[in-house]
Amino acid sequence: MRHMVCACALLLAATVAHGQAPTATPPAPETPIQVTFNSTDSAKTAPLPAPAPVDTLKPKPVVAAPAKLNRHQRKTAEYAAGLDSLVGSRTFAFIPVSMEGMSEGDQQSIYNGLFFVTILGERAAVHVPVIRGHKIEYIEIASFENGSVTNYQASKIPTGWNISYNIYDGPSAYLVNAALSTTTGQCLLNLITQNNTMSYLGTIRPVIPTEY
């Protein structure tokens, strides 16, 4: 038995000394790849654009579109523009529909469409009823065709125009003050003389010089 154990031990030692199983050898570490870019390399990166100035990055204000006018609003605006043009031309006729003597204040309607106060540049034509008297009123007609106009002034106001001018018919002098609304077309005209003041309510319209 002892000889068998010794034989086994000798056999095991020989196996270890001469028959050792080979072990796997670990791979050598890889050498890192080095890449060098020359200054003459054709594959260059395009430069980034410069940032925009700060002012151009501010939000732009939003402007609201003007409101669209309907047909009636357009006609009202065209009517006002027409009156503006008449006043600027200094050629128009005032047609009264009522009158009032400033001393008494009784208003009377005018149905006769033939009455007028007309200005044609440097010339004026007047044909209007005038209230005379105090205790007993009566109506006269102030009428002339070749009066001369001086000191014509027209001032634009929010509601329309204030107009004033002087008319001379020989020795007679008249001062005309008028307030015109370009929205309603109403015109309040005061005809002032040395002895009397009349107030007329009406409107103005275009006039052809050959009419008067």
Side-chain angles (χ1 to χ4, degrees), residues 73-212:
Q73 290 172 322
R74 286 197 306 271
K75 287 183 176 296
T76 299
E78 291 170 359
Y79 178 79
L83 292 181
D84 291 342
S85 179
L86 282 179
V87 174
S89 70
R90 296 176 58 171
T91 302
F92 55 87
F94 168 79
I95 309 300
V97 296
S98 69
M99 65 180 181
E100 182 178 345
M102 298 298 289
S103 59
E104 299 295 333
D106 293 333
Q107 189 178 67
Q108 300 184 35
S109 297
I110 299 175
Y111 299 101
N112 187 346
L114 299 178
F115 293 119
F116 58 83
V117 176
T118 298
I119 179 172
L120 303 102
E122 303 298 326
R123 188 168 66 88
V126 174
H127 186 69
V128 289
V130 177
I131 298 175
R132 300 291 189 184
H134 295 284
K135 292 182 179 180
I136 299 177
E137 292 185 349
Y138 60 97
I139 296 177
E140 290 183 347
I141 303 297
S143 183
F144 55 88
E145 294 183 348
N146 292 303
S148 60
V149 175
T150 61
N151 300 325
Y152 181 89
Q153 297 181 6
S155 303
K156 193 77 170 76
I157 58 176
T159 56
W161 293 90
N162 282 334
I163 307 167
S164 66
Y165 54 92
N166 297 102
I167 302 175
Y168 294 93
D169 177 42
S172 301
Y174 301 83
L175 172 62
V176 176
N177 288 325
L180 172 66
S181 169
T182 53
T183 301
T184 64
Q186 174 181 285
C187 185
L188 176 63
L189 184 144
N190 294 326
L191 185 64
I192 304 170
T193 66
Q194 184 176 359
N195 300 319
N196 193 26
T197 299
M198 288 293 299
S199 179
Y200 300 92
L201 192 64
T203 189
I204 68 172
R205 65 170 177 82
V207 59
I208 300 174
T210 55
E211 289 182 342
Y212 300 94

Heavy-atom check, side chain of [X] versus side chain of [Y], under 4.5 Å:
| X | Y | result |
| --- | --- | --- |
| Val207 | Phe116 | no |
| Tyr152 | Val87 | yes |
| Ile167 | Phe144 | yes |
| Tyr174 | Val126 | no |
| Glu122 | Arg90 | yes |
| Leu189 | Val176 | yes |
| Val128 | Met99 | no |

Starting at [atom1] of [X], measure out to [atom2] of [Y] and round the result to the nearest 0.5 Å.
| X | Y | atom1 | atom2 | value |
| --- | --- | --- | --- | --- |
| Thr91 | Leu86 | OG1 | CG | 8.5 Å |
| Gln186 | Thr159 | CD | OG1 | 10.0 Å |
| Thr182 | Leu83 | OG1 | CG | 6.5 Å |
| Tyr200 | Asn190 | OH | CG | 10.0 Å |
| Leu114 | Ile95 | CG | CD1 | 9.0 Å |
| Gln153 | Asn177 | CD | CG | 10.0 Å |

Checklist entry - Around atom NZ of Lys156, are there more than 12 heavy atoms of other residues, nucleotides or ligands at under 6.0 Å? => result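 Correct, the count exceeds 12.
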Identify the two heavy atoms, one from [X] and one from [Y], that lie closest to each other, and give their separation to 0.1 Å.
| X | Y | value |
| --- | --- | --- |
| Ser98 | Gln107 | OG-NE2, 3.7 Å |
| Ile141 | Pro129 | CD1-CA, 3.8 Å |
| Leu201 | Phe94 | C-CZ, 4.0 Å |
| Ala142 | Val130 | CB-CG2, 3.7 Å |
| Leu188 | Ser199 | CD1-OG, 3.3 Å |
| Gly101 | Met198 | CA-SD, 3.9 Å |

Item to check | Thr203 side-chain N/O to Gly185 backbone N/O, donor-acceptor pair under 3.5 Å | outcome: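 Yes; judged by distance alone, with no hydrogens or angles, the pair exists.
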Checklist entry - Within the side chain of Arg123, is there an N or O that forms a donor-acceptor pair under 3.5 Å with the backbone of Thr118? => result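 Judged by distance alone, no pair lies under 3.5 Å.
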Checklist entry - Any luck finding a side-chain donor-acceptor pair between Asn166 and Asn151 under 3.5 Å? => result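 A donor-acceptor contact under 3.5 Å links the two side chains.
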Checklist entry - Given the rule in the side-chain contact (heavy atoms from CB on, under 4.5 Å) test, do Phe92 and Ile163 qualify, once you have shown the distances and angles that lead to the verdict? => result CA-CA 12 Å; Phe92 55 87; Ile163 307 167; 4.3 Å; yes
